[in-house]
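Notes to accompany the following structure.
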Amino acid sequence: MLDGLLDNPVLTQAVPEATLETLQMVGLSALITAVVGLPLGLLLHAVAPNGLRPLRAVRGPVGLVVNLGRSLPFIILAIALLPFTRAVVGTSLGWQAAVVPLSIGAIPFFARLVETAVREVDPGKVEAAQVMGSSRARVLLQVLVREALPSIVAGFTATVIALVAYSAMAGAIGGGGLGFLAISYGYQRFDTTVMVVCVVVIVVVVQAFQVVGDAVARRLDHR
Amino acid sequence: MIELSGLRKVYPAAAGDVVALDGIDLVVERGAVHGIVGRSGAGKSTLVRCLTGLERPTSGSVTVDGRVISALPEARLREARRAMGMVFQHVNLLDSRSVAANVAFPLEVAGVPRRRRAERVAELLELVGLGDRGTAYPAQLSGGQRQRVGIARALATEPAVLLCDEPTSALDSATTRQILGLVRDLRDRLGITVVIITHEMGVVREVCDSVTLLEHGRVVQSGRLDDVVTQAGSPLSNALIPVPDVPQDEARRLVEVTYATRTVPTHRALAAVAALGEEVDVVAGTIETLAGLRLGRLQLDLPHRRVAPALAALRDAGLDAREVA
């Protein structure tokens, strides 16, 4: 049976290619999500009523946009964004194009996780830093972010894993990757073997992200 | 060193304004350990927040070490705060930083260069008796050790004032004594002015030179410890020299006698009580040494008809005596 698997060109060539595409898609989207989502999450916390700089005028609209991004099912968001994607990337096909809806879908998700992680930091620590004469920027970075870092890393791990799941849906509308392979062979051609292999690879990828994420979070956590 | 004048803080609320501080006047001398006591909700925490400038008074002024905290703009206030060290009930160390890095934090904020920081941190940890725990993380320390780190951190920038907000309320009694001993020792060595917010009278008895009692945002009683304890029948005197409750007999009366060795030695007080003769019995009493004074509070149980002559006889002997309601 193993010989049969290794002879199948779909499995020996298309699956590794698709895996690489998935990793590229997830990797770039994760990077963009971290760069945009982290400050966005901190902003959400900072302008909250008990935050460092309560600003109702900012909190309301930003919260609304974030919730909007969170409430749409990813597949619908991806389709709705097709014209935007085409305008930004020049095409709506391929893993590069998939990065646009993936990032836009994951940023609000991660931002809320960051907001929650930072909110869990004991206000007493913030007060202590303020009494020492810390500026707001110092409180934000050296107290809130640093103390919440283990939780932020855990949230980022969850986000990356969600991105792997979203990437399969992005594949369905032309993004490529393992999702595309699983749908075109497994669903449209009833090729169960390819389907199963794709599932196994996805499970392995998710597991790997989880293990690495947990290890990093543990290293950072001195509680 | 610290002067509060006409300090008021009102929190506006839909259901009516909440007056947290209602005209506080208070002076704390340089080098004193001053206790601020009161039940929860008396305004103690608001008072500290006004001292640190975390809260702006509604009216009145707060002056610390010559700076009018209540009038400083935000940027200058941050600088002024570095002249104050603060110790918290829950210590509030950063879990992500080692003990040494926690103590270094205020030095980083103050812009002290790295090498000088390391020297200062070593000095401070030595000062609080944790010279060998610099690389540990807060989670690895006991509650008492954590509070020592909190004190080292508060002293890092050589503040003129140390504010302690319920510093021992989360600690057991043996650790409490150690921490209070450290505070007094630091005051003696560094000449720092200390304000301790607490709801525990034991803390006041242990370390304070002077004390203020707050109730509903007002000062009820304030003064040097030896003065307030000798004000017989005053709330602080009663709280600092407690006598056990006694069940009262309908037919008899309770008379309370108080004295301080500054005016009457204990043997004279006891002799005066003994001279009242039969029918008068001591049912409860406390004799102790506080703020360098030997103090006594005795409760006498006697028949109704003997009250007036007993009060007169005790007062003749120089004792403070009064019928207890």
Side-chain angles (χ1 to χ4, degrees), chain A residues 38 41-42 45-56 113-114 116-157 213-223, chain B residues 45 48-49 51-55 69 72 74-99 101-112 135-141 149-150 153-157 159 161-166 170:
Chain A
L38 181 64
L42 296 178
H45 176 75
V47 299
N50 53 357
L52 289 172
R53 185 83 180 82
L55 271 178
R56 196 177 293 207
L113 291 179
V114 169
T116 313
V118 169
R119 194 168 50 209
E120 302 282 292
V121 174
D122 185 346
K125 292 175 181 173
V126 173
E127 192 179 324
Q130 284 173 333
V131 171
M132 289 177 226
S134 306
S135 61
R136 285 199 191 101
R138 187 183 290 273
V139 171
L140 190 68
L141 296 177
Q142 298 204 5
V143 179
L144 289 176
V145 173
R146 185 57 191 89
E147 287 289 299
L149 205 51
S151 310
I152 292 175
V153 168
F156 188 63
T157 307
D214 286 350
V216 173
R218 217 169 11 215
R219 277 296 308 263
L220 293 168
D221 198 349
H222 296 289
R223 277 172 292 183
Chain B
S45 300
V48 188
R49 291 178 65 83
L51 278 172
T52 58
L54 284 178
E55 206 80 72
I69 297 293
L72 289 179
E74 186 66 27
R76 296 272 311 281
L77 191 56
R78 280 209 292 273
E79 217 157 288
R81 279 184 193 140
R82 290 174 202 160
M84 282 179 253
M86 181 142 179
V87 174
F88 302 86
Q89 178 176 2
H90 298 293
V91 199
N92 298 334
L93 296 177
L94 300 179
D95 294 315
S96 58
R97 286 176 167 237
S98 67
V99 164
N102 263 290
V103 177
F105 191 91
L107 299 169
E108 290 168 24
V109 173
V112 175
T135 55
Y137 282 89
Q140 297 165 312
L141 303 181
V149 178
R153 178 178 70 176
L155 294 173
T157 51
V161 174
L162 185 65
L163 301 175
C164 307
D165 189 1
E166 301 275 5

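As a basis for the values below, the full set of heavy atoms in this structure was taken, side chains included, without hydrogen atoms, waters or symmetry mates. All chains are named by letter (A, B, ...) in the order of the sequence lines, taking the proteins before the strands, and each is independently numbered beginning at 1. Keep in mind it's a predicted model, so treat the numbers as computed, not measured.
Residue-level contacts of residues 126-134 of chain A with chain B, in order of numbering, are A/Glu127, A/Ala128, A/Ala129, A/Gln130, A/Val131, A/Met132, A/Gly133, A/Ser134; threshold 4.5 Å between heavy atoms. Among residues 215-223 of chain A, the residues having any heavy atom closer than 4.5 Å to a heavy atom of chain B are, in sequence order, A/His222, A/Arg223. Within residues 137-146 of chain A, the residues having any heavy atom closer than 4.5 Å to a heavy atom of chain B are A/Arg138, A/Gln142, A/Val143, A/Arg146, listed by residue number.
Taking B/Ala139, B/Ser98, B/Ser96 one by one and counting their heavy-atom pairs under 4.5 Å with chain A, the maximum is reached by B/Ser96. Comparing B/Leu54, B/Leu93, B/Val91, B/Asn92 by how many heavy-atom pairs each has under 4.5 Å with chain A, the most go to B/Asn92.
B/Gln140 meets the side chain to side chain donor-acceptor pair (under 3.5 Å) test with no other residue; sequence neighbours excluded.
Both the backbone and the side chain of B/Glu108 come within contact range of chain A, with heavy atoms under 4.5 Å apart.
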